[in-house]
Protein chains: 2
Amino acid sequence: MPETCPHNSAISCGNCRLGSICLPLALETDDVVKLDEIVQRGRPLQKNEHLYREGDHFTSVYAVRSGAIKAYRLTGDGQEQVTGFYFPGEIIGMDGISKDQYACSAKALETSAVCEIPFNRLEELSTQVPSMQRHFFQLMSQEITSDQQLITLLSKNSAEERIASLLISISARNARRKLSRTHFRLPMSRTDIGNFLGLTVETVSRVISRFNKQGLIAVENKEVTLLDLEGLKAVANVASDS
Amino acid sequence: MPETCPHNSAISCGNCRLGSICLPLALETDDVVKLDEIVQRGRPLQKNEHLYREGDHFTSVYAVRSGAIKAYRLTGDGQEQVTGFYFPGEIIGMDGISKDQYACSAKALETSAVCEIPFNRLEELSTQVPSMQRHFFQLMSQEITSDQQLITLLSKNSAEERIASLLISISARNARRKLSRTHFRLPMSRTDIGNFLGLTVETVSRVISRFNKQGLIAVENKEVTLLDLEGLKAVANVASDS
DNA sequence: CGCCTGGTTGAGAATCATCAACATCTGTGG
DNA sequence: CCACAGATGTTGATGATTCTCAACCAGGCG
């Protein structure tokens, strides 16, 4: 068996715990080595540091290794629309491909580490390794469907349903990483939550307080415990398995 | 010069007027021939006929040739969320890639013709023709950014702003096809518009009536004339060039 | 002709935004 | 280590936008 990472003995896609939910998902061992050769791992981002900004020349997509990143765009009148929160194992930056410049800004919500994947290298690799191409098509398609879920949420659901859905989504993404499904720290501010869900800070705060009083969750600042996951799912109006 | 389409003398990507805004955009002449070989053109869809349904096994993406298609998904409680309207030259079905089944249903709003592009053939072609791969990545990325624009619209904008934005978007897409920027027929119902923009039929109807009274547009059933495009853009809160 | 779908208009109700005051947390410097 | 300032979060009162319910109108098709 070959050395899993030829240029960095500490970290590699081959030994990354996130591999199962990140890029290498569908790859053969030697293809993972090829991926490893193009992935660049820089210094960590400090809280509030930008990974890239709206309008920057598009060069790379990024896999989040640790921490949390928010993607947002500014509206004409300077308001912030958060388009997504990205947790370890998730890929950010695919919106930049179409115009060769990023359509969103990406900012660290806490100290975070990312793996940079230069897109032209990824394109090359994709022509050589069909399963790589397939996997990347799937990742982009996944981004489309998750955006469409958010569209539905914004279009049809009440403030309570939106916030319950967000909590459930974070819980599910935690579970994928083998972390607690019921207890976690929200890396984003209430304002960010509002800007994501199309609500004001006040409404976010009120709904969270209400969930707390109702015994659905226990909140202390950013620490959240989901006390009644089934109850929350009922509030969110989602089928029990999602 | 080779025969542009080896298997269908009437229609081919090579002679299609929509080529400049559809798939072949960035292709060399002989690559267009390769694309032509995999594109399938079936009988037209009648109004209300489905191209595919949510949950169907994913096989192909489709380029709209004529008419108009709406994509929609059903919420848990049976409501309809329209995720997009697709006009000639636009590609539909990319949401199906991630799970190998369509995440939306697609239904003809009027008699429509589509070009079916079997995805596994497209994948093969993409490994052989890098510009094809690149172009398809760009199309998917475009879908992501347009979904994100819709997210912003739903999250931050009033009923008037949403409807003005939709009219402007249709106008701009008409212009791309060298059709009138100011006069067109809305292929979708008021209900569809509401389900797309997160509004009720009544609100849609009221806002359109108001625009009519204000002299911004002239409406007669589905026929719309944009009388004051600049005024509409002001209402929509968008920069004048979009 | 009458029915049914789709669209319009009106009145009242509900949700969420706005404005405002206050509380709490964070981190910085004395 | 404490004190303070600014940012962040909470709670309350009020109001606006949009939804809901309902009636009515117009057009298409059997």
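Chain naming here is simple, since letters A, B, ... match the order of the sequence lines and numbering starts at 1 in each. Keep in mind that this is a model prediction, so the values were computed, not measured.
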A:Phe87: partners by ring pair (Phe, Tyr, Trp, His ring centres under 6.0 Å), with sequence neighbours left out: none
A:Arg173: what forms a salt bridge (charged side-chain N to carboxylate O under 4.0 Å, His left out) with it, not counting sequence neighbours?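 Result, salt bridge (charged side-chain N to carboxylate O under 4.0 Å, His left out) vs A:Arg173: A:Glu90.
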Under the rule for salt bridge (charged side-chain N to carboxylate O under 4.0 Å, His left out), what residues qualify as partners of B:Glu202, not counting sequence neighbours?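 Expected list: none.
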Min and max contacting nt of DNA chain C in 5' to 3' order, chain A heavy atoms within under 4.0 angstrom, are C:dC16 to C:dC25
May I ask you to say what A:Ser189 touches in the nucleic acid, namely base, sugar-phosphate or nothing, with a heavy-atom cut-off under 4.0 Å? sugar-phosphate
For B:Gly198, report the nucleic acid contact type (base, sugar-phosphate, nothing); a contact means any heavy atom under 4.0 Å. sugar-phosphate
Which of residues 156-163 of chain B sit near DNA chain D, with a heavy atom under 4.0 Å from it? B:Ser158, B:Ala159
Interface with DNA chain D, restricted to residues 202-227 of chain B and to heavy atoms under 4.0 Å: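 Heavy-atom contacts with DNA chain D come from B:Glu202, B:Thr203, B:Arg206.
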According to the salt bridge (charged side-chain N to carboxylate O under 4.0 Å, His left out) rule, which pairs have a member within residues 156-169 of chain B, sequence neighbours left out?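 Every pair satisfying salt bridge (charged side-chain N to carboxylate O under 4.0 Å, His left out) with a residue in residues 156-169 of chain B: B:Glu160-B:Arg210.
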Any pair counted as salt bridge (charged side-chain N to carboxylate O under 4.0 Å, His left out), so long as it reaches residues 50-67 of chain A, sequence neighbours left out: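 Applying salt bridge (charged side-chain N to carboxylate O under 4.0 Å, His left out) to every pair that reaches into residues 50-67 of chain A, excluding sequence neighbours, yields nothing.
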Ring pair (Phe, Tyr, Trp, His ring centres under 6.0 Å) partners of residues 153-175 of chain B, not counting sequence neighbours, each pair once: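 Those involving residues 153-175 of chain B do not exist here.
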Bend of the helix from C:dC1-D:dG30 to C:dG30-D:dC1 from end-axis comparison, five pairs per end, nearest 10°, comes to 30°
Sequence-distant partners of B:Ser205, side-chain hydrogen bond (donor to acceptor under 3.5 Å, both in side chains), two or more places apart: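 Checked B:Ser205 against side-chain hydrogen bond (donor to acceptor under 3.5 Å, both in side chains); zero matches.
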Interatomic spacing from [atom1] in [X] to [atom2] in [Y] - rounded to 0.5 Å:
X	Y	atom1	atom2	value
A:Thr182	A:Leu167	OG1	CG	12.0 Å
B:Leu216	B:Gln214	CG	CD	5.0 Å
A:Ile117	A:Cys13	CD1	SG	7.0 Å

Whole-Å gap separating [atom2] ([N]) and [atom1] ([X]):
X	N	atom1	atom2	value
B:Leu197	D:dT17	CG	C1'	16 Å
A:Glu110	D:dT8	CD	P	15 Å
A:Asp192	D:dA7	CG	P	15 Å

Per-pair distances, 0.1 Å, donor-acceptor, side chain in residues 183-197 of chain B, under 3.5 Å, sequence neighbours excluded:
{"residue": "B:His183", "atom": "NE2", "partner": "B:Glu223", "partner atom": "OE1", "Å": "3.4"}
{"residue": "B:Ser189", "atom": "OG", "partner": "B:Thr191", "partner atom": "N", "Å": "3.4"}
{"residue": "B:Ser189", "atom": "OG", "partner": "B:Asp192", "partner atom": "N", "Å": "3.0"}
{"residue": "B:Ser189", "atom": "OG", "partner": "B:Asp192", "partner atom": "OD2", "Å": "3.3"}
{"residue": "B:Arg190", "atom": "NH2", "partner": "B:Asn221", "partner atom": "O", "Å": "2.9"}
{"residue": "B:Asp192", "atom": "OD1", "partner": "B:Lys70", "partner atom": "NZ", "Å": "2.7"}
{"residue": "B:Asp192", "atom": "OD2", "partner": "B:Ser189", "partner atom": "N", "Å": "3.4"}

Phosphate OP1/OP2 of D:dC19: any B:Thr200 side-chain N/O under 4.0 Å: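 The answer is yes; a side-chain N or O of B:Thr200 sits under 4.0 Å from OP1 or OP2.
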Verify the neighbour count for atom CZ of A:Arg177: are there more than 12 heavy atoms of other residues, nucleotides or ligands below 6.0 Å?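 Atom CZ in A:Arg177 is crowded, with more than 12 foreign heavy atoms closer than 6.0 Å.
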CA sep, side-chain torsions, deciding dist, call: A:Glu49, A:Arg43, salt bridge (Lys or Arg N to Asp or Glu O under 4.0 Å): CA-CA 12 Å; A:Glu49 200 175 335; A:Arg43 62 171 178 75; 2.8 Å; yes
